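Please read the structure below before turning to the comments.
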Amino acid sequence: MFTKPLIVIAVLVAVGYGLMEAYPLIAGPKLVLASPTEHASYPDGMVPISGTAARVVALTLNGAPLLPHEDGTFVTALAYPSGGTILTLVAKDRFGRTITTTKHIFVP
């Protein structure tokens with residue numbers, strides 16, 4: 001009498017749990033660059049770079065490795081010469097999927 005509803009509920013719970021566990025595999029890497037802002041100007045040449053990376057195994061800034069903290073945040077500051085510069089951050093997950101973020105900055 002109650003068997004069919006219990007089986008349906010158990011199947012729905014199992015499918016929901018499976019989807020919840022598989023989400024990081026399906027979603028791929030996530031990269032949020034908080035600083036610098038697009039087309040920002042840095043008169044002293046020092047550019048603060050910060051953000052968050054999730055579900056990544058490798059993170060690079062203009063080809064150089066950038067190590068995030070355990071919680072996924074990363075913070076660094078780099079000196080750039082006068083002129084325009086394009087910052088390119090690339091995050092890669094364990095399946096080889098990548099996401100790229102670019103920012104244009106200016107040092108007078």
Side-chain angles (χ1 to χ4, degrees):
M1 178 154 122
F2 292 110
T3 323
K4 285 185 181 180
L6 288 176
I7 291 173
V8 169
I9 290 172
V11 168
L12 288 175
V13 167
V15 168
Y17 179 76
L19 288 174
M20 183 178 71
E21 289 296 313
Y23 175 75
L25 302 175
I26 297 167
K30 180 181 176 184
L31 180 61
V32 176
L33 187 59
S35 173
T37 57
E38 186 69 19
H39 301 291
S41 180
Y42 296 91
D44 62 355
M46 291 300 295
V47 180
I49 300 165
S50 65
T52 307
R55 300 180 298 274
V56 300
V57 294
L59 181 63
T60 60
L61 172 60
N62 292 346
L66 184 63
L67 299 175
H69 299 286
E70 279 188 30
D71 63 356
T73 60
F74 56 90
V75 178
T76 189
L78 298 173
Y80 286 96
S82 295
T85 301
I86 299 172
L87 301 177
T88 304
L89 275 90
V90 178
K92 181 178 177 181
D93 72 357
R94 64 183 175 176
F95 300 108
R97 296 178 291 189
T98 61
I99 185 168
T100 303
T101 300
T102 59
K103 295 288 180 174
H104 299 81
I105 59 168
F106 181 73
V107 177

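Just so it is clear, the structure is predicted and the values come from calculations on it, not from any experiment.
Between atom CG of residue L89 and atom CZ of residue F74 there is a gap of 5.0 Å, rounded to the nearest 0.5 Å. Note that the NE2 atom of H69 and the OG1 atom of T52 stand 10.0 Å from one another [nearest 0.5 Å]. To the nearest 0.5 angstrom, D93 atom CG is 10.0 Å from I99 atom CD1. Taken to the nearest 0.5 Å, the CE atom of M46 stands 7.0 Å off from the CG atom of L78. In this structure, the separation between CG on L66 and CG on L61 is 6.0 Å, given to the nearest 0.5 Å.
When every heavy atom of G72 is checked against every heavy atom of P68, the shortest pair comes out as O-CB, 3.9 Å. The shortest heavy-atom contact between A91 and P29 is O-CG, 4.0 Å. Heavy atoms only, all atoms of each residue included: P108 and Y42 are closest at CD-O, 3.5 Å. For the pair P36 and L87, the tightest heavy-atom approach, listed with the atom from each and the gap, is CG-CD1, 3.6 Å.
Looking at S35, its side chain never comes within 3.5 Å of a backbone N or O of I49 through a donor-acceptor pair.
Enclosure of atom CZ in F95 by more than 12 non-hydrogen atoms of other residues, nucleotides or ligands within 6.0 angstrom is indicated. Residue R97 places its CZ atom among more than 12 non-hydrogen atoms of other residues, nucleotides or ligands, all under 6.0 Å distant. Other residues, nucleotides and ligands contribute more than 12 heavy atoms inside 6.0 Å of the NZ atom of K103.
No chain of hydrophobic side-chain contacts below 4.5 Å, direct or via other Ile, Leu, Val, Met, Phe, Trp or Tyr residues, connects L33 to F106. Hydrophobic clustering keeps L12 apart from M20 (ILVMFWY residues linked when any side-chain heavy atoms are closer than 4.5 Å, directly or through intermediates).
Between N62 and the choices I86, T88, V90, T102, the side-chain contact (heavy atoms from CB on, under 4.5 Å) rule is met once, by T88.
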